[in-house]
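Reminder, nothing fancy here: chain letters follow the sequence lines and each chain counts from 1.
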Amino acid sequence: MKTSAANPVAPPLNPIELIDWFAATARPLPWRAPGITGWGVLVSETMLQQTPVNRVQPIWEEWMRRWPLPSDLAAEPQGEVVRAWGKLGYPRRALRLHEAAGIIAAEHGDVVPSDVNTLLALPGIGAYTARAVAAFAYGKRAPVVDTNVRRVVARAVHGAGDAGPPSTKRDLDDVDALLPDDDASAARLSAALMELGQVVCTVRSPLCESCPIAHDCAWQHAGRPAYAGPPKKVQKFAGTDRQVRGKLLDVLRGATGPVQREQLDAVWSDAGQRDRCLDSLLVDGLVEQTDDGRFALPGEH
DNA sequence: GAATCGTGGGC
DNA sequence: TGCCCAAGATT
């Protein structure tokens with residue numbers, strides 16, 4: 001039990017303060033505009049996975065212009081979708097979103113589902129994205145837990161310098177306990193918690209002077225102790241397969257059709273690693289080989 | 001739970 | 001291309 005029976009009613013955070021702060025200061029991101037569909041929200045949330053807002057925005061706008069409905073995207077060849085994904089990174093997200101769009105068009109009347117479990121059954125939609133769509137597109141009460149929310153909760157509720165390693169069930173329960181009962185307020189609070197983590201309660205140099213809940217933040221009251229959990233694991237990039245895969249795919253994105261193997265060979269000197277990465281791209285379905293032995297984005301030959 | 005999967009900006 | 005980080009999902 002985390003809460004004391006002697007103090008059952010004291011809310012850890014005041015939802016009203018956060019909701020009001022969000023209403024007054026939220027950035028006017030295009031996917032937050034009134035009337036945005038579930039499809040618009042799903043595309044934005046997928047693109048935003050591990051990817052900064054500024055890089056997503058122009059691509060999202062292009063996608064909404066070109067493919068205003070799931071069926072519009074589903075009608076495209078996979079390769080065109082991968083190319084339009086550009087350099088957002090983790091291009092398997094594009095393939096999964098394309099696949100999800102086909103399922104939504106075929107089985108859900110071309111409308112993104114609003115039920116969390118239905119969303120979770122779609123490719124590329126996990127614990128975060130399913131609840132983000134339910135909350136932000138459909139105004140439902142659903143604990144939306146991303147890295148920002150985890151940090152806000154770690155500080156404001158638990159008084160820690162940062163969140164420890166993620167644990168989906170514990171994290172969901174943590175945030176669920178903060179949400180008001182009614183759908184509309186809970187959905188607004190979820191958006192507010194994320195925004196707070198992004199613009200105020202940041203990893204480095206948090207702007208506590210501007211924080212609407214600093215007065216009942218456990219981290220403040222504890223004297224803002226440093227993070228004391230296990231060391232965060234830092235992902236290498238230079239020299240890894242991810243870098244090589246990125247270089248290989250970049251060649252194919254920039255080509256208008258199939259390319260010769262020599263063109264791919266030029267991007268990386270280690271032949272063994274190069275071949276392994278090309279194989280993995282073929283396995284992932286991000287690259288296809290033509291009958292004459294050349295390579296192309298899927299469906300583009 | 002741990003490893004893997006891109007890309008680029010801030011420092 | 002040093003280290004850290006960014007609205008995660010999948011295996």
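In this structure, A:W85 reaches neither bases nor backbone, as no heavy-atom distance under 4.0 Å exists between it and the strands shown. Among the atoms of the strands shown, only primed sugar atoms or phosphate atoms (P, OP1, OP2) are found under 4.0 Å from some heavy atom of A:R151. No contact: A:L120 has no heavy atom under 4.0 Å from any strand.
Between the P atom of C:dA7 and the CH2 atom of A:W60 lies a distance of 19 Å, rounded to the nearest Å. Residue A:L119 contributes atom CG, which lies 11 Å from atom P of C:dA9 at whole-angstrom precision. One atom, CG of A:L97, and another, P of C:dG8, lie 16 Å apart when rounded to the nearest Å. Counting to the nearest Å, the C1' atom of C:dT10 and the OH atom of A:Y128 are 18 Å from each other. When the C1' atom of C:dT10 is taken as reference, atom CD of A:E99 falls 13 Å away, rounded to whole Å. Per the geometry, CZ belonging to A:R131 stands 15 Å off P belonging to C:dG8, to the nearest Å. Note: CZ (A:R150) to C1' (C:dA7) measures 13 Å, nearest angstrom.
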Between A:R261 and A:D275, does the salt bridge (Lys or Arg N to Asp or Glu O under 4.0 Å) criterion hold? Intermediate values first, please.
CA-CA 10 Å; A:R261 172 157 220 135; A:D275 292 346; 3.3 Å; yes

Start with the C-alpha distance between A:D162 and A:R150, add both sets of side-chain angles, then the distance that settles salt bridge (Lys or Arg N to Asp or Glu O under 4.0 Å), and finish with yes or no.
CA-CA 8 Å; A:D162 199 352; A:R150 285 175 14 82; over 6 Å; no

Nucleotides 1-11 of chain B: protein proximity per nucleotide (B base, S sugar-phosphate only, - neither; heavy atom, under 4.0 Å)
---BBBBB---

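Look at the C1' atom in both B:dA2 and C:dA7: the space between them is 22 Å, to the nearest Å. For the C1' atom pair drawn from C:dC4 and B:dG6, the interatomic distance equals 16 Å after rounding to whole Å. Atom C1' of C:dT1 sits at a distance of 15 Å from the matching atom of C:dC5, rounded to the whole Å.
Without hydrogens or angle criteria, A:E288 side chain to A:G299 main chain gives a donor-acceptor distance under 3.5 Å. In this structure a side-chain-to-backbone donor-acceptor pair under 3.5 Å is missing from A:R253 to A:V82.
Side-chain contact check for A:E45 and A:Y128: at least one donor-acceptor pair (N or O, by modelled atom type) lies under 3.5 Å. A donor atom on one side chain and an acceptor atom on the other are not found under 3.5 Å apart for A:R93 and A:Q50.
Here the nucleotide nearest the side chain of A:R96, chosen from C:dA7, C:dC4, C:dT10, is C:dT10. Nearest nucleotide to the side chain of A:E45, out of C:dC4, C:dA7, C:dC3: C:dA7.
With the nearest nucleotide of DNA chain C identified for both A:S44 and A:G124, A:S44 has the one nearer the 5' end. Mapping A:I125 and A:R32 onto DNA chain C by nearest heavy atom places A:R32 at the nucleotide closer to the 5' end.
The base of C:dA6 is not paired with the side chain of A:Q198 by any donor and acceptor separated by under 3.5 Å.
Shortest non-hydrogen contact noted between A:G38 and A:A137 is CA-CB, 3.8 Å. Of all heavy-atom pairs spanning A:W268 and A:R274, the tightest one is O-NH1, 2.7 Å.
Within the structure, a side-chain polar atom (N or O) of A:T129 is placed less than 4.0 Å from OP1 or OP2 of C:dA9.
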